[in-house]
Amino acid sequence: MKLILPWGMALSLFYFMNACSTPEDVPDPNDIADAMDVHTYAHPQEARIDHLTLQLSVDFDQLQLSGFAEYQISRDSAATQIILDIHHLLIDSVWAIGPRQQQSATFSVGQTRDFLGAPLTIDLPLDAHTVRIYYKTTPESLALQWLNPGQTHDKEHPFLFTQGQAILTRTWIPCQDSPGIRYTYEATISVPPGLIAVMSASNPQEMTPDGQYTFKMNQPIPAYLMALAVGDLSFQAISDRTGVYAEPGMLGASAYEMADLEKMVKATESLYGPYQWERFDLIVLPPSFPFGGMENPRLTFATPTIIAGDRSLTALVAHELAHSWSGNLVTNATWDDFWLNEGHTVYLERRIMETLYGVDYSNMLALLGYQDLERTIVDLGDQSSDTHLKLSLDGRDPDDGMTDIAYEKGYLLLRTLEEKVGRQIFDDYLKQYFKDYQFRSISTEQWAAYIYKHLIHEHKIDLNLDGWLYNPGIPIDHAQIQSRRFRQVNQRIKEFTRIGRLDKSNTRNWSTHEWLHFIRHIPSDLHISFYEKLDDVFELSNSGNSEILAVWLELSIRSQYMPSHNRSILDTFLTNVGRRKFLTPLYKALLETNQLELAESIFNKARNNYHSVSDNSIAALIADHKQPG
Ligand code: BES
Ligand code: ZN
């Protein structure tokens with residue numbers, strides 16, 4: 001039985017207990033994470049959700065979801081209420097259901113705070129263990145993006161997708177929206193004829209005649225992994241347990257790109273233990289999807305910008321697959337611990353890529369990642385607390401903390417540990433870690449205690465772990481990443497920048513990653529003729545590879561190399577692609593080269609194609625530029 005304390009007291013007790021923890025007193029992994037999540041209104045020790053039955057109908061005329069969410073709940077014997085998170089939802093009515101009766105329940109919606117939304121507090125009659133909430137979404141339900149046919153690939157049918165992470169699920173489902181709270185779910189979704197619905201759950205592979213689809217997620221997941229997509233989708237199997245969904249016109253190319261899905265799952269299983277989610281499918285979404293990928297369980301959501309035609313951008317798929325272990329199976333307890341999700345996932349991603357394509361390949365990815373890390377630290381400031389692995393996001397939108405620090409500093413810590421203990425020991429350790437914490441959440445402090453006990457102490461590793469977790473910048477004792485193939489690229493960069501030499505025969509076997517390294521290291525202050533020559537010889541402005549095009553366009557902006565052809569490609573790219581990782585550097589480059597007007601004119605035109613996540617980021621970037629601080 002747990003002590004029930006007022007919030008503030010629980011918080012100080014939590015920190016007190018952590019401050020006292022020594023490597024010897026490792027928390028029992030069966031004791032669920034008690035870390036304080038400052039981004040939920042829920043009081044899970046009092047009453048928490050265990051199972052969701054969701055029933056929604058999808059209305060493309062009203063751009064609205066409506067129906068009910070019914071929860072089975074566990075409650076402490078003293079609890080008289082349950083608190084859920086909602087944001088921009090219309091609550092129609094609430095019912096409490098007990099073994100003998102069903103009755104309308106009193107509820108209140110508290111004050112809305114910025115990105116947190118509002119608490120929905122429901123009074124629980126004595127014997128009630130089920131509540132049902134009838135509700136509707138609104139135009140401000142930020143998780144949802146409603147696309148008209150013109151915004152899809154095939155241009156024939158409308159499309160809807162959701163993006164839950166970090167705290168947007170509360171904008172389409174009333175829920176306890178905390179990564180430390182897991183539940184199972186089932187859903188019935190009705191959609192207009194001619195469309196299919198898919199979710200982060202068991203999925204249909206064909207259209208039904210009545211537009212009704214049912215779903216089941218039998219493994220407990222946190223709310224940020226709830227996901228729904230509706231559109232004209234078709235499915236193609238890759239193996240017995242993997243496959244691809246896409247609009248019909250994208251399906252062939254998507255399936256070609258994903259040929260290695262099954263190999264990836266097998267490779268990850270042999271390293272880190274069984275895949276626990278039965279199927280692994282992927283959906284290629286319309287281009288406005290704001291991320292590269294999102295690890296929705298059983299059905300990864302992906303941007304079409306990874307469909308390069310040559311399978312060169314599939315590290316992203318390995319990344320989202322890896323989340324089936326790090327993130328979905330073992331979950332960060334709060335968004336302050338986000339690096340646990342992403343750092344482990346980047347580490348796994350690179351191990352998967354190494355297994356499939358060799359160490360030269362994965363080291364290129366790692367070195368590009370290290371470059372991202374250095375750039376992010378310069379951007380944030382080397383003393384910024386946002387460069388700590390353990391974040392402190394109280395009072396802020398968790399989205400603010402979701403930088404490359406979690407990914408690349410997290411990766412670097414794990415790679416450093418691997419190098420210190422040796423690969424075999426580290427692999428065994430990680431496999432055991434996933435087993436010990438499966439279907440649980442873990443805080444950075446619990447993780448530190450666990451790794452102290454099972455790795456650092458046991459193998460007498462010399463490492464300032466606290467420095468890595470709680471200090472800014474990159475610790476000096478980090479693993480050194482080298483890439484043989486990039487050393488050759490460095491030669492080509494020298495030849496070009498010193499004597500203007502470009503020899504196509506030297507680049508014939510380059511992968512996307514070598515191109516990225518090359519373009520990233522071309523200075524932006526060369527004579528304009530250098531950029532013309534690059535474009536002439538390599539046709540970079542016409543690259544069909546979104547990653548190459550994005551870095552090349554950034555260099556073009558910064559070097560003021562903008563012939564009209566190029567300018568219109570930039571315009572088209574920023575208008576059609578909503579992936580934030582591409583948008584941010586391009587808009588930033590425009591602002592930093594005094595092209596505010598151009599940035600604003602493109603943004604004003606493009607923004608109704610962007611999902612709220614990208615729209616908010618770019619709007620903030622521009623506002624900040626106009627009025628710093
Ligand atoms: N879980 C993230 C995406 C995310 C992060 C959504 C934070 C919302 C808030 C996903 O796994 C991810 O990291 N995607 C990357 C891919 C990559 C690093 C290969 C992306 O979208 O670029
Ligand atoms: Zn990730």
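Atoms within a ligand are numbered from 1 in the order they appear, just like the ligands themselves.
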**OP:** Tell me whether E342 has at least one N, O or S atom under 2.8 Å from the Zn ion (ligand 2).
**Re:** yes
Is there any protein N/O under 3.5 Å from an N/O of ligand 1, and what does the full list of such pairs look like?
{"unit_1": "ligand 1", "atom_1": "1 (N)", "unit_2": "Q165", "atom_2": "OE1", "d": "2.7"}
{"unit_1": "ligand 1", "atom_1": "1 (N)", "unit_2": "E295", "atom_2": "OE1", "d": "2.6"}
{"unit_1": "ligand 1", "atom_1": "1 (N)", "unit_2": "E295", "atom_2": "OE2", "d": "3.2"}
{"unit_1": "ligand 1", "atom_1": "1 (N)", "unit_2": "E342", "atom_2": "OE2", "d": "3.1"}
{"unit_1": "ligand 1", "atom_1": "11 (O)", "unit_2": "E295", "atom_2": "OE1", "d": "3.0"}
{"unit_1": "ligand 1", "atom_1": "11 (O)", "unit_2": "H319", "atom_2": "NE2", "d": "3.2"}
{"unit_1": "ligand 1", "atom_1": "11 (O)", "unit_2": "E320", "atom_2": "OE1", "d": "2.8"}
{"unit_1": "ligand 1", "atom_1": "11 (O)", "unit_2": "E320", "atom_2": "OE2", "d": "3.3"}
{"unit_1": "ligand 1", "atom_1": "11 (O)", "unit_2": "H323", "atom_2": "NE2", "d": "2.9"}
{"unit_1": "ligand 1", "atom_1": "13 (O)", "unit_2": "H319", "atom_2": "NE2", "d": "3.1"}
{"unit_1": "ligand 1", "atom_1": "13 (O)", "unit_2": "E342", "atom_2": "OE1", "d": "3.3"}
{"unit_1": "ligand 1", "atom_1": "13 (O)", "unit_2": "Y407", "atom_2": "OH", "d": "2.6"}
{"unit_1": "ligand 1", "atom_1": "14 (N)", "unit_2": "G293", "atom_2": "O", "d": "3.3"}
{"unit_1": "ligand 1", "atom_1": "14 (N)", "unit_2": "E320", "atom_2": "OE2", "d": "3.3"}
{"unit_1": "ligand 1", "atom_1": "21 (O)", "unit_2": "G292", "atom_2": "N", "d": "2.6"}
{"unit_1": "ligand 1", "atom_1": "21 (O)", "unit_2": "G293", "atom_2": "N", "d": "3.3"}

Original post:
Between E278 and R241, is there a side-chain N and carboxylate O pair less than 4.0 Å apart?
Top reply: no
Original post:
Would you call the rings of Y429 and Y450 parallel, tilted or perpendicular if under 30° counts as parallel and over 60° as perpendicular?
Top reply: tilted
Original post:
Are the aromatic ring centres of F582 and F573 under 6.0 angstrom apart?
Top reply: yes
Subject >> S614 (side chain) donor-acceptor with G578 (main chain) under 3.5 angstrom >> reply: yes
Original post:
Which atom, among the N/O/S set of H323, is closest to the Zn ion (ligand 2)?
Top reply: NE2
Subject >> Shortest-distance N/O/S atom, H319 versus the Zn ion (ligand 2) >> reply: NE2
Original post:
Checking Q163 side chain against P290 main chain: does a donor-acceptor pair fall under 3.5 Å?
Top reply: no
Original post:
Between the main-chain N or O of V244 and the side-chain N or O of S254, is there a donor-acceptor pair closer than 3.5 Å?
Top reply: no
Subject >> Side chain H87, main chain E140, donor-acceptor under 3.5 Å >> reply: no
